[in-house]
**Q** 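Structure below; questions to follow.
Numbers for residues simply follow the sequence, beginning at 1.
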Amino acid sequence: MEHIQSSIEKILNRPGVAASVRAIHERVLSHPGVIVFLRTHPEIDQRTIERGMLKLNEYAEQMDGHQVIEKKAVIEGYQPVLHLEKGQIMVAYEKTQALKDRENERALEKKFKSLFLPDEVRDANFSDFDLTTTDRKLALRAASQFLNTIRSNEQVKGLYLHGSFGVGKTYLLAAIGNALKKERIATILVHAPGFVSEAKRRIRSDSFDTFLESFQTVPVLLIDDIGAESISPWVRDELFGIILQYRMMHRLPTLFSSNLSYDELELHFGITNDQGDKLKAMRLMERIRTTTNPVEFLGENRRRY
């Protein structure tokens, strides 16, 4: 071992090699990150620096200031961090902000689900929302107030967006969903008819309870086109009823869009003229009325050509 060490020292002491080594040392020791590290640890002496030069160089090679140089990264998505371990200079690796952002985005995609909706509203945003009528301006203001309240972690009622076909209810609901996504608030946006069909399919499998729970517990639930689904006592009582009762008890906001007013939706939920059906419809509508603020859309069908 001594013979090998002696041979290495002889090589390093050659004039050309020694000059190159000094240049590397100077470059490493003038690196801003290395300077900050050494200033943070005044207990590090010259001998420790010399022993840790390879680690310091490993760090300096990959870092431009405090940002990793992607093409020089030893581990993609990770950047080196200098630290002391038992008196020795060491390098650890932690996730870059870019990787964290990508992971957060993937996590958000899992948090924000839009089910059974048309593609044209998936990228809906407030800046493209038509404000040519007073009712649309009021609707946008209601959406903005909802978002401002939920950002402050205050209790907030949901919205009940209602009006005739093609006036922009679904678009505004989707825009609210996308805004919540940017706020990193877990949200599910679902089209009621497709949701009911999926629930009926799930009831025949072991996954129904998990499916139902996800809609009960999500921080914000958006239900588009409620009243357009095929209604039955099971859909009303065991699906919508259970979900909305849980959300009301736990003060979790639910937002709706519908072609029907509150009164018209109650008739839809009534199913028959049976007094028991009417009572159950009234009970479900009471949950919706007490947990939402109505917002009416007027105007012509904007889907017509």
Side-chain angles (χ1 to χ4, degrees), residues 1-113 123 125 147-154 177-188 214 217-220:
M1 180 63 71
E2 289 182 5
H3 175 71
I4 294 174
Q5 185 65 33
S6 176
S7 298
I8 292 174
E9 288 178 359
K10 287 179 180 179
I11 294 172
L12 293 176
N13 286 328
R14 291 175 183 172
V17 175
S20 296
V21 170
R22 283 196 301 273
I24 292 172
H25 286 193
E26 289 173 3
R27 176 180 56 79
V28 169
L29 295 176
S30 64
H31 189 282
V34 174
I35 291 172
V36 170
F37 173 72
L38 294 177
R39 285 177 178 172
T40 305
H41 297 279
E43 71 275 21
I44 297 178
D45 57 21
Q46 186 61 36
R47 184 173 179 80
T48 302
I49 292 174
E50 291 173 358
R51 288 179 172 176
M53 188 55 66
L54 286 176
K55 296 298 182 182
L56 293 173
N57 184 61
E58 180 181 343
Y59 170 86
E61 282 282 325
Q62 299 177 70
M63 298 294 289
D64 179 10
H66 298 291
Q67 296 293 322
V68 68
I69 304 169
E70 295 290 346
K71 64 182 180 180
K72 293 186 177 181
V74 172
I75 306 173
E76 184 179 358
Y78 286 77
Q79 66 184 43
V81 179
L82 293 168
H83 70 283
L84 275 181
E85 185 176 316
K86 297 180 180 179
Q88 300 296 314
I89 296 172
M90 303 296 289
V91 173
Y93 284 85
E94 64 179 26
K95 294 177 182 178
T96 63
Q97 189 58 50
L99 177 58
K100 291 178 183 177
D101 290 343
R102 289 195 296 272
E103 291 180 341
N104 286 337
E105 188 65 25
R106 286 194 291 269
L108 280 176
E109 291 298 334
K110 292 181 180 179
K111 285 185 174 183
F112 178 70
K113 301 176 183 177
D123 297 322
N125 61 82
L147 290 169
N148 287 337
T149 304
I150 205 166
R151 284 188 192 106
S152 61
N153 293 317
E154 297 177 34
N178 285 326
L180 290 166
K181 175 182 175 180
K182 291 179 181 177
E183 296 290 336
R184 303 183 184 278
I185 297 171
T187 306
I188 296 178
S214 67
T217 59
V218 67
V220 182

**Q** Roughly how far, to the nearest 0.5 Å, is CG of Leu56 from CD of Glu50?
**A**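 Going from the CD atom of Glu50 to the CG atom of Leu56 covers 11.5 Å.
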**Q** Could you pull out the closest heavy-atom pair between Thr48 and Gly87, with the gap in Å?
**A**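 Smallest heavy-atom distance, with atoms named: CG2-O, 3.5 Å.
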**Q** Return the CG to CG distance between Asn57 and Leu29, rounded to the nearest 0.5 Å.
**A**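 It comes to 10.0 Å.
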**Q** With a sphere of 6.0 Å drawn around CD of Glu70, does it hold more than 12 non-hydrogen atoms of other residues, nucleotides or ligands?
**A**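 It does: Glu70 CD has more than 12 such atoms within range.
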**Q** Can you find a pair of side-chain heavy atoms, one from Arg27 and one from Glu61, that are under 4.5 Å apart?
**A**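 A side-chain contact under 4.5 Å exists here.
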**Q** Does atom CD (Glu76) have a neighbourhood of more than 12 heavy atoms from anything else shown, all under 6.0 Å?
**A**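 No.
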**Q** Is the shortest heavy-atom distance from the side chain of Val36 to the side chain of Arg39 under 4.5 Å?
**A**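 Not in contact.
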**Q** Closest approach of Val68 and Pro80, non-hydrogen atoms and distance?
**A**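 Heavy-atom minimum between the residues: CG2-CD, 4.4 Å.
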**Q** Supply the atom-to-atom distance His83 NE2 to Gln88 CD, rounded to the nearest 0.5 angstrom.
**A**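 With rounding to 0.5 Å, NE2 (His83) is 11.0 Å from CD (Gln88).
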**Q** Taking atom CG as the centre, does Asp45 end up with more than 12 heavy-atom neighbours from other residues, nucleotides or ligands that are less than 6.0 angstrom away?
**A**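 Check passes, neighbour count above 12.
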**Q** Would you name the heavy atoms of Gly77 and Arg102 that are closest together and state the gap between them?
**A**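 Looking at all heavy atoms of both residues, the closest pair is CA-NH2, 4.4 Å.
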**Q** Supply the atom-to-atom distance Arg151 CZ to Thr149 OG1, rounded to the nearest 0.5 angstrom.
**A**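 Atom-to-atom, Arg151:CZ and Thr149:OG1 are 9.5 Å apart.
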**Q** Say whether, by atom type as modelled, one donor and one acceptor occur between the side chain of His41 and the main chain of Ile89 under 3.5 angstrom.
**A**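 No, His41 side chain to Ile89 backbone: no donor-acceptor pair under 3.5 Å.
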**Q** For the residue pair Val91 and Lys55, what are the closest heavy atoms and their distance?
**A**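 Closest approach of Val91 to Lys55: CG2-O, 3.3 Å.
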**Q** Could you go through the side-chain contact (heavy atoms from CB on, under 4.5 Å) check for Ile44 and Leu84 one step at a time?
**A** CA-CA 9 Å; Ile44 297 178; Leu84 275 181; 3.9 Å; yes
**Q** When you compare the side chain of Leu82 with that of Val34, does any pair of heavy atoms fall below 4.5 Å?
**A**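 SC-SC contact between Val34 and Leu82 confirmed.
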**Q** Taking the side chain as every heavy atom from C-beta outward, state whether Ile150 and Leu180 have any atom pair closer than 4.5 Å.
**A**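 Ile150 reaches Leu180 side chain to side chain.
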**Q** Out of curiosity, Glu43 CD to Leu38 CG, how far, rounded to the nearest 0.5 Å?
**A**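 So the CD of Glu43 and the CG of Leu38 are separated by 10.0 Å.
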**Q** Above 12 or not: heavy atoms from other molecules or residues under 6.0 Å from CG of Leu54?
**A**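 Incorrect, the count does not exceed 12.
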**Q** Under 3.5 Å, side chain of Gln62 to main-chain N/O of Glu58, donor-acceptor pair present?
**A**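 At least one qualifying donor-acceptor pair exists.
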**Q** Which atoms form the tightest heavy-atom contact between Val218 and Ala186, and what is the distance?
**A**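 Taking every non-hydrogen atom into account, CG2-O, 3.6 Å.
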**Q** Rounded to the nearest 0.5 Å, what separation is found between the NE2 atom of His66 and the CD atom of Gln79?
**A**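 The distance works out to 10.5 Å.
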